[in-house]
Amino acid sequence: CFLGLPLIDTQKSDHFELTGNPIRKILLETDQEYDTASIYITGGSQGANYLNDVIPKALNKVNHRIRVVHQAGKGSSELVINTYLKNKFDLLVVKDFFDDPFVEIQKADFVISRSGALSVSEITSLNKGGLYIPLHNSIDDHQMHNAKYAVGVGMGEIFSESESLDDLIDKLNEIIEQRSYLSWQKNSDIDHSQAAEKIYNHIFNYDSPVPPPAPRADVRARRHAWRALMLAPPLPPHVRWIDQQLPSSPPAPLRPCPRW
């Protein structure tokens, strides 16, 4: 199993390989310096209603002049730009999508974003930090785990949707006043641009071990278990089967495994 982010201890199992998330190779360029903080806001490829609604209201009330570039998602840019108080910003650019989001991330001092695995991988690979706002109903709360990883390596902070607008304003003022984003701009501990090559090499160089023959009594016991299993009532829809790959005939017994 290939992991994009080290959300579990891979040292304890041979079944996991930390490769990073496959993203295109990034050519890091010298950052432009401005007198005011530059922020890139993105909700990902489909935008994010929460970010489009709340972030402009918060940035309108920060105590500093800033530069803002906001990717709003399909059909949302006009509504979002009308939420901003345009005279508050040294730069304000709002579009549905940008041709090259990597360029916008690189030009920013920090990013305000959801914390999907690819978003975190792209931001950290560009040596930037982020204020991550995890999607509260993501499967297995994986966005919170991704955000905690970024915070753990010193490349960002977390803000929860359950917190108030005033809390968000205070958080943004603190980041800008203390210039926390400068300490977030460090080398990522994972080179995600090498992930595709690592996965390819691992698959094509993998030497699957052949399991030793099972003892005769063990084979009989497994066959009995298989017959019993075939007579068992059907499983609920949220459970799937995985193959044990056991050297027995009829087919090796299967066991239920919770969906990931």
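The structure presented is a predicted model; accordingly, all values stated were derived computationally and were not measured.
Within the 4.5 Å cutoff, the side chain of N63 has heavy atoms near those of the E177 side chain. Between L168 and E163 the shortest side-chain heavy-atom distance does not fall below 4.5 Å. Considering only heavy atoms from C-beta on, L59 comes within 4.5 Å of V68 through its side chain. Looking only at side-chain heavy atoms (C-beta outward), I105 and T42 stay at 4.5 Å or farther from each other. Residues I39 and I66 meet the side-chain proximity criterion, which asks for heavy atoms closer than 4.5 Å. Contact annotation: the side chain of I123 approaches that of S113 to within less than 4.5 Å [non-hydrogen atoms, C-beta and beyond]. The shortest side-chain heavy-atom distance between F97 and K74 falls under the 4.5 Å cut-off. Considering only heavy atoms from C-beta on, V94 comes within 4.5 Å of L92 through its side chain.
Between the CH2 atom of W184 and the CG atom of N127 there is a distance of 15.0 Å, given to the nearest 0.5 Å. Note that the OG atom of S115 and the OH atom of Y149 stand 13.0 Å from one another [nearest 0.5 Å]. The distance from the OG atom of S138 to the CE atom of M144 is 8.5 Å, given to the nearest 0.5 Å. Taken to the nearest 0.5 Å, the CG atom of D53 stands 4.0 Å off from the NZ atom of K57. With rounding to the nearest 0.5 Å, the separation of CD1 in I133 from CD1 in I158 is 11.0 Å. Note that the CG atom of L165 and the CD1 atom of I169 stand 4.0 Å from one another [nearest 0.5 Å].
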Pair H136-Y50, side-chain contact (heavy atoms from CB on, under 4.5 Å): steps then yes or no: CA-CA 11 Å; H136 70 280; Y50 177 87; over 6 Å; no

Candidate pair E122 and F102, rule side-chain contact (heavy atoms from CB on, under 4.5 Å), full reasoning: CA-CA 8 Å; E122 291 168 354; F102 282 13; 3.4 Å; yes

Verdict with reasoning, I81 to V93, per side-chain contact (heavy atoms from CB on, under 4.5 Å): CA-CA 8 Å; I81 199 168; V93 179; over 6 Å; no

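Residues V62 and K88 approach most closely at O-NZ, 3.2 Å, considering heavy atoms. Contact between N146 and G116 at its shortest, heavy atoms only, is ND2-C, 3.7 Å. For the residue pair S76 and N52, the shortest heavy atom distance occurs at CB-ND2, 3.9 Å. Minimum heavy-atom separation, G156 to V151: O-CG2, 3.4 Å. For P56 against T83, the heavy-atom pair with the smallest separation is CB-CG2, 3.7 Å. Across all their heavy atoms, Y132 and A150 have their closest contact at CE1-CB, 3.5 Å.
Look at D90 and R65 and you find a salt bridge, because one of the NZ, NE, NH1 or NH2 atoms lies within 4.0 Å of a carboxylate O, short of that distance. The pair D167-K171 does not meet the salt-bridge criterion, since no charged nitrogen lies less than 4.0 angstrom from a carboxylate oxygen. Using a 4.0 Å cut-off between charged nitrogen and carboxylate oxygen, E78 and K95 do not count as a salt-bridge pair.
Both I175 and V54 sit in one connected hydrophobic cluster of ILVMFWY residues. Membership requires side-chain heavy atoms under 4.5 Å apart, directly or through other members.
Checked options Q71, Q106, K128, H70; the residue passing with Y40 is Q71 (criterion: side chain to side chain contact (heavy atoms under 4.5 Å, CB included)).
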